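Encoded as structure tokens, the structure appears first; notes follow it.
Quick note: residue numbers are just sequence positions, from 1. Everything numeric here is computed off the predicted structure, so don't read it as measured data.
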Amino acid sequence: MQERYRTVAREGVHETEINRSRFLCTLAPAATEQEAQDVVQRVRKEHPTATHNCFAYVIGADGGVQKASDDGEPGGTAGVPMLLRREVRYVVAVVTRYYGGVKLGAGGLIRAYGGAVGEALDALGTVTRQRFRLVTVTVDHQRAGKLENDLRATGRAVREVRYAEAVTIELGLPEADVDAFRDWLADTTAGTAALELGGEAYQDM
């Protein structure tokens, strides 16, 4: 599995104009292929009179699912160039073109579609997500407050705190830190806290 990947920070639309053609790039995070396709369909409904609605999406931290459509532009001039920008993952891009009467040629189209996505990424920003092992710590109420403060003070990513008969604190740790954390926890709580390893997830760095 990839240790980390970059994705778009938020959904948004960025517009550029090249030789009187308008290029509107819609960028959105997409956790699944279905989510990506839903964004594509929504943009097509919003711009039914556009000359082209070209799209590209990359799903998976390793980029395992990639799809692109030139939507009537010459083959390879729109969708694929959109995919190559900045190596972002879990993202869908739809570039809507309203033709302005000046032909751009194959090279011009590749630059225009790729550039539209690049500019949109700059405008909306990107975030890096790091792979973490989920860890659940169970501790008594007496020690819970101090332990939570110590966790946050040492920069550990506390995800959730639940209060019941005991207190459970869920956090994310880089895989390489798990053994050291186990030792630290035993020292900090005098061996009274229980630690349970869960699955893996990605979270913003």
Side-chain angles (χ1 to χ4, degrees), residues 1-12 26-42 55-68 83-93 117 120-122 124-205:
M1 277 181 82
Q2 291 281 110
E3 283 301 311
R4 62 181 63 181
Y5 68 89
R6 289 173 69 226
T7 189
V8 64
R10 59 188 173 86
E11 182 171 345
T26 301
L27 270 182
T32 63
E33 192 168 2
Q34 185 59 56
E35 279 186 27
Q37 289 171 353
D38 289 345
V39 172
V40 173
Q41 294 307 320
R42 192 186 77 220
F55 72 82
Y57 55 79
V58 183
I59 308 298
D62 58 354
V65 177
Q66 300 189 13
K67 284 221 173 121
L83 275 178
L84 301 177
R85 308 308 285 197
R86 320 285 172 86
E87 296 193 340
V88 286
R89 304 286 184 255
Y90 289 108
V91 66
V92 54
V117 175
L121 282 168
D122 288 340
L124 297 170
T126 59
V127 292
T128 300
R129 295 217 160 111
Q130 172 81 35
R131 184 161 65 98
F132 282 92
R133 171 61 72 96
L134 297 176
V135 174
T136 303
V137 174
T138 306
V139 67
D140 60 48
H141 284 264
Q142 189 179 344
R143 298 179 192 268
K146 181 176 185 311
L147 178 59
E148 184 183 347
N149 288 339
D150 287 348
L151 288 168
R152 293 186 189 279
T154 54
R156 302 222 163 74
V158 176
R159 298 167 67 92
E160 189 176 0
V161 181
R162 292 185 297 274
Y163 292 88
E165 284 182 29
V167 180
T168 54
I169 302 172
E170 185 182 277
L171 60 151
L173 292 176
E175 190 74 45
D177 292 354
V178 170
D179 288 341
F181 176 76
R182 197 189 300 272
D183 294 341
W184 175 87
L185 184 68
D187 288 345
T188 303
T189 64
T192 61
L195 182 146
E196 184 182 334
L197 296 179
E200 293 181 338
Y202 286 89
Q203 62 190 31
D204 294 354
M205 291 178 65

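Taking 4.0 Å as the cut-off between side-chain N and carboxylate O, Arg162 and Glu160 count as a salt-bridged pair. Glu87 and Arg6 are not joined by a salt bridge, as no carboxylate oxygen comes within less than 4.0 angstrom of a charged side-chain nitrogen.
By the 30° and 60° cut-offs, the orientation of the rings of Tyr163 relative to His141 is tilted.
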Please lay out, stage by stage, how Gln130 and Tyr202 fare under the test side-chain hydrogen bond (donor to acceptor under 3.5 Å, both in side chains). CA-CA 5 Å; Gln130 172 81 35; Tyr202 286 89; over 6 Å; no
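With contacts defined as side-chain heavy-atom distances shorter than 4.5 Å, the pair Val137/Leu147 qualifies. Proximity of Thr136 to Ile169: side-chain heavy atoms (C-beta onward) are nowhere separated by under 4.5 Å. Side chains of Arg131 and Arg4 form no contact here, defined as non-hydrogen atoms less than 4.5 Å apart.
Inspection of the Arg89 and Thr7 side chains reveals no N or O donor paired with an N or O acceptor under 3.5 Å.
Taking the side chain to side chain donor-acceptor pair (under 3.5 Å) definition, one finds that Gln66 meets it with nothing, sequence neighbours left out. Under the side-chain contact (heavy atoms from CB on, under 4.5 Å) criterion, Gln34 pairs with Thr32, Gln37, Asp38, not counting sequence neighbours. Applying the side chain to side chain donor-acceptor pair (under 3.5 Å) test to Asp122 and every residue at least two apart in sequence or in another chain returns Arg86. The salt bridge (Lys or Arg N to Asp or Glu O under 4.0 Å) search around Arg42 returns Glu11, Glu46, not counting sequence neighbours. Listed by chain and residue number, Glu175 satisfy the salt bridge (Lys or Arg N to Asp or Glu O under 4.0 Å) test with Arg133 (two or more places apart in sequence, or in another chain).
Within the structure, the side chain to side chain donor-acceptor pair (under 3.5 Å) test picks out the following pairs touching residues 178-199 (sequence neighbours left out): Arg143-Thr192.
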